[in-house]
Protein chains: 2
Amino acid sequence: MQTNNIGFLLTDIIRLMRREYSKSDLCMTPMQARALVYVSRYEGVKQVQLAEMLDIQPITLARLIDQLAEDRLIERRPDPKDRRAYGLYLMEKSTPLLEKIDIEVTRVHEKALQGLSEEQVAVLRDALAVMHTNLSADSSL
Amino acid sequence: MQTNNIGFLLTDIIRLMRREYSKSDLCMTPMQARALVYVSRYEGVKQVQLAEMLDIQPITLARLIDQLAEDRLIERRPDPKDRRAYGLYLMEKSTPLLEKIDIEVTRVHEKALQGLSEEQVAVLRDALAVMHTNLSADSSL
DNA sequence: CAATTATTATATACATTGCTTACTATATTC
DNA sequence: GAATATAGTAAGCAATGTATATAATAATTG
């Protein structure tokens with residue numbers, strides 16, 4: 001049993017990246033930022049769809065959206081065709097914030113990946129994508 | 001701003017690995033398992049040292065140790081030379097559990113890494129190690 | 001040797017992210 | 001029209017992490 005296996009490394013890296021993000025003045029958590037980024041990319045998305053994209057439970061997303069809505073970064077607009085559902089839309093305040101998020105993400109990426117060649121980063125990215133796919137596959141079927 | 005950046009990928013993979021581990025019958029959390037593995041590798045280690053190895057706060061580790069000690073997997077033995085400190089030692093019950101952990105870690109690794117060549121895995125592992133080092137560096141100095 | 005400082009472990013309180021289960025309101029289907 | 005499915009939420013819990021504070025003990029310094 002090794003103490004430097006890949007799972008341990010990943011756990012550490014996530015924790016370290018979280019620390020790095022907390023040094024910024026974004027005043028939001030990584031998942032909040034992520035949800036906001038997704039809304040900006042898929043404006044009008046419904047919560048169920050977004051929860052599926054993020055692979056989290058709808059209730060987990062609901063609370064994220066609560067926070068973002070309370071901060072007036074996004075809003076829930078009633079779906080005209082389905083009175084149960086809401087579409088998620090950006091509000092004005094989010095535009096400059098999204099720019100800051102982008103800068104911050106770039107900063108952390110650069111810090112994390114420094115010293116790695118483009119090729120290494122490409123292999124890393126591909127390997128992580130494969131791992132994601134492998135782990136998403138539901139073997140219980 | 002991309003929705004498939006490396007930080008997002010890592011976050012997802014950690015969550016998916018956690019789910020995968022929860023399917024096992026280990027009845028312990030990843031961090032508990034990790035702490036147990038470290039104790040098995042560095043038997044007699046003191047809590048402060050172990051917290052440093054895991055790069056977590058001493059209080060975070062203290063609670064992990066509480067849980068493992070309550071389950072009679074490890075024990076705190078008073079340090080003969082320092083009455084403030086304890087050495088951490090395995091108890092009998094942990095031997096078969098460590099074997100099960102090893103099997104489970106191998107299973108999840110194989111599921112996560114399937115389809116990747118040995119070379120890709122090697123690059124992945126190296127890249128993650130570099131990222132860990134990069135992010136551990138305290139740039140505030 | 002006495003006083004200050006540092007270290008070890010823990011306590012308390014909190015935030016974030018995640019889960020399960022259950023519920024309401026509304027759509028859809030039989 | 002009744003049964004079923006879906007969108008969103010509520011309540012409660014667990015795991016992991018943080019900051020700050022405190023008690024006990026060691027180490028250092030004057």
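Here is how names work: the chains are called A, B, and so on, in the same order as the sequence lines, proteins then strands, and each is numbered from 1.
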Inset, instruction - Could you check how far CE of B:M17 sits from C1' of D:dA15, rounded to whole Å? - result: 17 Å

Inset, instruction - Let me know the distance between CG of A:D66 and P of D:dA10, rounded to the nearest Å. - result: 7 Å

Inset, instruction - Please state how far atom CG in A:L61 lies from atom C1' in D:dT9, giving the value in whole angstrom units. - result: 12 Å

Legend entry - Under-4.0 Å side-chain N/O to phosphate OP1/OP2 contact, A:R84 with C:dC23: no

Legend entry - Salt bridge flag under 4.0 Å for residues A:D66 and A:R63: no

Inset, instruction - In whole angstrom, give the distance that lies between atom CZ of B:R63 and atom C1' of C:dC14. - result: 11 Å

Inset, instruction - Using whole Å, report how far CD of A:E52 lies from P of C:dG18. - result: 16 Å

Legend entry - salt_bridge(B:K81, B:D79) N-O dist < 4.0 Å: no

Inset, instruction - Counting heavy atoms from C-beta on, name the nucleotide in D:dA26, D:dG8, C:dT10 closest to the side chain of B:D82. - result: D:dA26

Inset, instruction - Return the 5'-most residue of the pair A:R76, B:K81 with respect to DNA chain D, ranking by each residue's nearest nucleotide. - result: A:R76

Inset, instruction - Whole angstrom is fine here: how far is it from CE in A:M31 over to C1' in C:dC19? - result: 14 Å

Legend entry - Side-chain touch A:L113/A:L124, heavy atoms, less than 4.5 angstrom: yes

Inset, instruction - Would you tell me if any nitrogen or oxygen in the side chain of B:R19 comes within less than 4.0 Å of OP1 or OP2 on D:dA15? - result: no

Legend entry - side-chain N/O B:R15 vs C:dG18 OP1/OP2, d < 4.0 Å: yes

Inset, instruction - Could you check which of D:dA26, D:dA19, D:dT9 has an atom nearest any side-chain atom of B:I59? - result: D:dA19

Inset, instruction - Could you tell me the separation between the NZ atom of B:K100 and the CZ atom of B:R107, rounded to the nearest 0.5 Å? - result: 12.5 Å

Legend entry - Residue whose nearest DNA chain C nucleotide is more 5′ - A:Q57 or A:R83: A:Q57

Inset, instruction - Would you mind reading off the distance between A:L50 atom CG and D:dT9 atom P, rounded to a whole angstrom? - result: 12 Å

Inset, instruction - Check whether any side-chain N or O of A:T29 sits under 4.0 Å from OP1 or OP2 of C:dA15, and answer yes or no. - result: no

Inset, instruction - Using a cut-off of strictly less than 4.0 Å, decide whether A:R18 has a side-chain nitrogen or oxygen near OP1 or OP2 of C:dT17. - result: yes

Inset, instruction - Classify the nucleic acid contact of A:R34 as base, sugar-phosphate or nothing, counting any heavy atom under 4.0 Å across all strands shown. - result: nothing

Inset, instruction - State plainly whether the residues B:D71 and B:K93 are in salt-bridge range, i.e. N to O under 4.0 Å. - result: no

Legend entry - 5' precedence on DNA chain C between A:L64 and B:A62 (nearest-nucleotide basis): B:A62

Inset, instruction - Verify the contact: side-chain N or O of B:Q47 to OP1 or OP2 of C:dT10, cut-off strictly under 4.0 Å; return yes or no. - result: yes

Inset, instruction - Report the distance from atom NZ of B:K23 to atom P of C:dC19, rounded to the nearest whole Å. - result: 13 Å

